[in-house]
Amino acid sequence: MAKPQLKKITPFDADKDQVVSVTWTGSRACANRILIYENESNTLVFDHTVSSYTLKHTIPGHTLENGRKYVIQAQVFHGDNIPSPLSDKIMFYTFETPEFYFENVPDASVIDNSSFAASIHYYSSDWEDIGKYVFYLYDASKKLLLESNELTDSLNISYMYQGLDNNAAYYIRCKGVTQNGMELDTGYVEIAVKYENPNTYARIYATPLPSQGCIQVATNLIIIQYNGTDSFEYIDGMIDLRDKTLYYDEGFLIKDDFTLLIRGVNLWQTADLFKMSNGQLGLTVSSRIYTDGTLRFRLLVPNGTGNYLLYSAPQVFDNTDMITVAVKRKNNIYQLEAFVELGNIEEGNMWYGTERPNRNLIHDNDSWVDTEEPTYMVDKDFCTTHLNSSEPLNAVLNDLWLGGD
């Protein structure tokens with residue numbers, strides 16, 4: 001007698017109802033039965049029969065456990081309740097549904113540019129890695145406008161949407177599949193695009209020249225050109241100036257008030273970082289590491305026979321951190337500020353909390369302690385380890401005690 005067959009079962013969340021399908025080539029079936037075994041112990045955990053001409057069977061939510069591997073068989077009943085042989089066994093996995101959503105684009109967000117990078121938050125409590133994913137863009141009526149290539153980078157799940165029209169509404173979406181075939185979907189997320197073109201640089205000046213029968217057109221935008229011979233490499237949108245100097249010596253002049261921003265990494269050094277001069281007046285931004293382990297940025301502006309000096313507040317940062325040094329001049333009065341954006345996490349740190357950190361935040365030597373508190377990081381340089389047989393009396397929050405002989 002023919003055996004029924006089970007259709008392939010992709011991984012699913014055991015906390016939710018799951019429908020499995022059976023195929024059968026014999027006389028019309030009036031009921032079907034499924035049997036599910038825990039794979040490692042071969043223990044029968046679910047045996048259920050439903051009376052239905054439809055060859056589908058629902059596994060109720062919370063019947064199985066997530067993070068497990070199971071084996072399933074099916075059987076149908078036909079004619080006068082005649083049982084068929086059991087189907088061949090197939091294996092399937094259960095995983096808790098991973099967190100999968102746009103982490104920087106809440107629903108109904110307003111985008112203030114014609115392009116933006118959308119990032120996905122992905123977390124699986126079962127350490128089920130994402131396999132592939134695709135980003136989509138729809139118009140206000142949910143008509144598909146764009147579909148990205150199939151992407152596989154599991155550490156940076158993001159996509160740059162470009163060419164968005166001003167004062168327009170869109171929907172964005174991302175669909176993915178885990179390595180074992182579990183399907184993911186952010187759903188439709190609505191965005192509104194509204195941005196303004198900068199008037200200072202977009203303004204066009206037209207001057208009639210009657211004697212020449214034409215119009216002279218000018219803008220506030222100045223294009224400057226590097227005139228040296230060195231070649232430079234761009235890494236992650238930044239130019240690599242280590243052991244090199246980039247200079248511009250023609251094409252522009254700053255006459256009035258201005259704001260200057262210098263952004264970069266690998267700035268933990270004693271050095272001159274930026275200079276500008278018109279041959280008579282100018283300024284220099286430099287940095288210096290002090291003996292107390294801090295760094296200050298300095299602004300030097302020649303002022304007649306003396307020097308105009310400003311220092312930033314003391315800074316402590318790593319070379320992986322992004323540093324912004326801001327210089328502002330208004331009515332010949334200067335300001336200097338420095339801002340630190342934390343960069344990559346060093347290996348060897350510890351994490352405490354209910355949620356295991358994403359893999360792009362930790363390294364091989366990081367440790368995670370499951371507690372009842374929200375997850376946070378403890379820097380290895382600020383944690384004391386106690387190697388005592390008895391619990392230490394002077395331990396503080398986040399200290400680590402390794403007891404024993």
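What's counted below: heavy atoms across the whole structure, side chains too, no hydrogens, waters or symmetry copies. Residue indices begin at 1 and follow the sequence shown. The shown structure was predicted, so the numbers you read here are calculated from the model rather than taken from an experiment.
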Practice item. State yes or no: are the ring centers of F92 and F12 separated by less than 6.0 Å? Key: yes
Study note, to complete from the structure: Note: S367 and M350 closest approach over all heavy atoms is OG-CG, 3.0 Å
Practice item. Mind checking the CG-CG spacing from L145 to L164? Nearest 0.5 Å is all I need. Key: 9.5 Å
Check your understanding: Are the side chain of Y161 and the backbone of Y136 linked by a donor-acceptor contact shorter than 3.5 Å?
Key -> yes
Check your understanding: What about F135 and Y159, are their ring centers closer than 6.0 Å?
Key -> yes
Exercise for review: Examine distances only and state if a side-chain atom of S287 and a backbone atom of Q269 form a donor-acceptor pair shorter than 3.5 Å.
Suggested key: yes
Study note, to complete from the structure: Separation between CZ (F116) and CG (N104), nearest 0.5 Å, reads 7.0 Å
Practice item. Measure the shortest side-chain to side-chain distance between E147 and V134 over non-hydrogen atoms and say whether it is less than 4.5 angstrom. Key: yes
**Study point:** Donor-acceptor under 3.5 Å (S87 side chain, A74 main chain)
**Key:** yes
Check your understanding: Do V193 and D165 have side chains that get closer than 4.5 Å, going by heavy atoms?
Key -> no
Check your understanding: When you look at K175 and E183, which way does the side chain to side chain contact (heavy atoms under 4.5 Å, CB included) test go after all the steps?
Key -> CA-CA 8 Å; K175 298 173 69 175; E183 296 182 352; over 6 Å; no
Review point. Would you call D88-K3 a salt bridge at under 4.0 Å N-O?
Key: yes
Review point. Does a side-chain heavy-atom distance below 4.5 Å link I72 with L35?
Key: no
Point to revise | D15 side chain to G61 backbone, donor-acceptor under 3.5 Å | key: no
Point to revise | Nearest heavy atoms of K194 and N167, plus distance in Å | key: NZ-OD1, 3.5 Å
Check your understanding: Would you say S124's side chain and D126's backbone share a donor-acceptor pair under 3.5 angstrom?
Key -> yes
Check your understanding: What closest approach, in Å, do T10 and G181 show between heavy atoms, and which atom pair accounts for it?
Key -> CB-O, 3.6 Å
Revision key, fill the gap. L310 and Y334 have their tightest heavy-atom pair at CD1-O, 3.3 Å
Exercise for review: Answer with yes or no after comparing the ring centroid distance for Y138 and Y170 against a 6.0 Å cut-off, counting only values under it.
Suggested key: no
Check your understanding: If every non-hydrogen atom of V76 is compared with every non-hydrogen atom of V22, which pair is closest and at what distance?
Key -> CG1-CG1, 4.2 Å
Check your understanding: Within the side chain of T97, is there an N or O that forms a donor-acceptor pair under 3.5 Å with the backbone of D13?
Key -> no
Practice item. For the pair V285 and L283, evaluate side chain to side chain contact (heavy atoms under 4.5 Å, CB included) and give the outcome as yes or no after the intermediate values. Key: CA-CA 7 Å; V285 178; L283 61 82; 4.2 Å; yes
Point to revise | K56 and S21 side chains, donor-acceptor separation under 3.5 Å | key: yes
Point to revise | Interatomic spacing from OG1 in T245 to NZ in K275 - rounded to 0.5 Å | key: 9.0 Å
Exercise for review: Starting at CG of L260, measure out to NZ of K328 and round the result to the nearest 0.5 Å.
Suggested key: 13.0 Å
Review point. With a cut-off of under 6.0 Å to the ring centre and 45° to the axis, is K69 in cation-pi contact with Y93?
Key: no
Point to revise | Note, E99 side chain near Y122 side chain (heavy atom, < 4.5 Å) | key: no
**Study point:** Verdict with supporting geometry, D139 and K142, salt bridge (Lys or Arg N to Asp or Glu O under 4.0 Å)
**Key:** CA-CA 5 Å; D139 66 10; K142 296 185 179 178; over 6 Å; no
Review point. Does D240 use its side chain to pair, donor to acceptor, with the backbone of R242 at less than 3.5 Å?
Key: yes
Review point. Would you say E128's side chain and N180's backbone share a donor-acceptor pair under 3.5 angstrom?
Key: yes
Review point. Does T94 reach the main-chain N or O of E65 with its side chain, forming a donor-acceptor pair under 3.5 Å?
Key: yes
**Study point:** Test item: D318 side-chain N/O and D321 main-chain N/O as donor-acceptor pair under 3.5 Å
**Key:** no
Review point. Counting only heavy atoms not in E190, do more than 12 fall under 6.0 Å of its CD?
Key: yes
Point to revise | Worked check of side chain to side chain contact (heavy atoms under 4.5 Å, CB included) between M322 and R263 | key: CA-CA 7 Å; M322 175 66 72; R263 283 174 57 82; 3.5 Å; yes
Check your understanding: Does the side chain of D185 come within less than 4.5 Å of R173's, by heavy atoms?
Key -> yes
Practice item. Could you point out which residue of N331, V327, N332 forms a side-chain contact (heavy atoms from CB on, under 4.5 Å) with R329? Key: N332
Exercise for review: Would you check, one step at a time, whether the test ring-ring contact (aromatic ring centres under 6.0 Å, His included) holds for Y70 with Y37?
Suggested key: CA-CA 6 Å; Y70 293 95; Y37 304 85; over 10 Å; no
Review point. Considering all heavy atoms of both residues, which atom of G282 and which atom of V301 are nearest to each other, and what is their separation?
Key: O-CG1, 3.6 Å
Check your understanding: With a 4.5 Å limit on heavy-atom distance, are the side chains of I9 and I90 in contact?
Key -> yes
Practice item. Report yes if some heavy atom in the side chain of Y133 is under 4.5 Å from a heavy atom in the side chain of I120; otherwise report no. Key: no
**Study point:** Check: Y311 ring centroid to F297 ring centroid under 6.0 Å
**Key:** no
Check your understanding: Should V50 and N32 be marked as a side chain to side chain contact (heavy atoms under 4.5 Å, CB included) after you check the CA-CA gap, both sets of side-chain angles, and the distance that decides it?
Key -> CA-CA 6 Å; V50 294; N32 66 81; 3.5 Å; yes
Check your understanding: Are R288 and Y290 in a cation-pi contact, defined as NZ or CZ under 6.0 Å from the six-membered ring centre and within 45° of the axis?
Key -> yes
Review point. Are S125 and E96 linked by a side-chain donor-acceptor pair shorter than 3.5 Å?
Key: yes
**Study point:** Q75 and S84 side chains, donor-acceptor separation under 3.5 Å
**Key:** no
Exercise for review: Measure the spacing between CD1 of I239 and CG of L246 and express it to the nearest 0.5 Å.
Suggested key: 5.0 Å
**Study point:** Separation between CZ of R298 and CG of L273, rounded to the nearest 0.5 Å
**Key:** 11.0 Å
Practice item. Report yes if the side chains of L400 and T384 come closer than 4.5 Å at any heavy-atom pair, otherwise no. Key: no
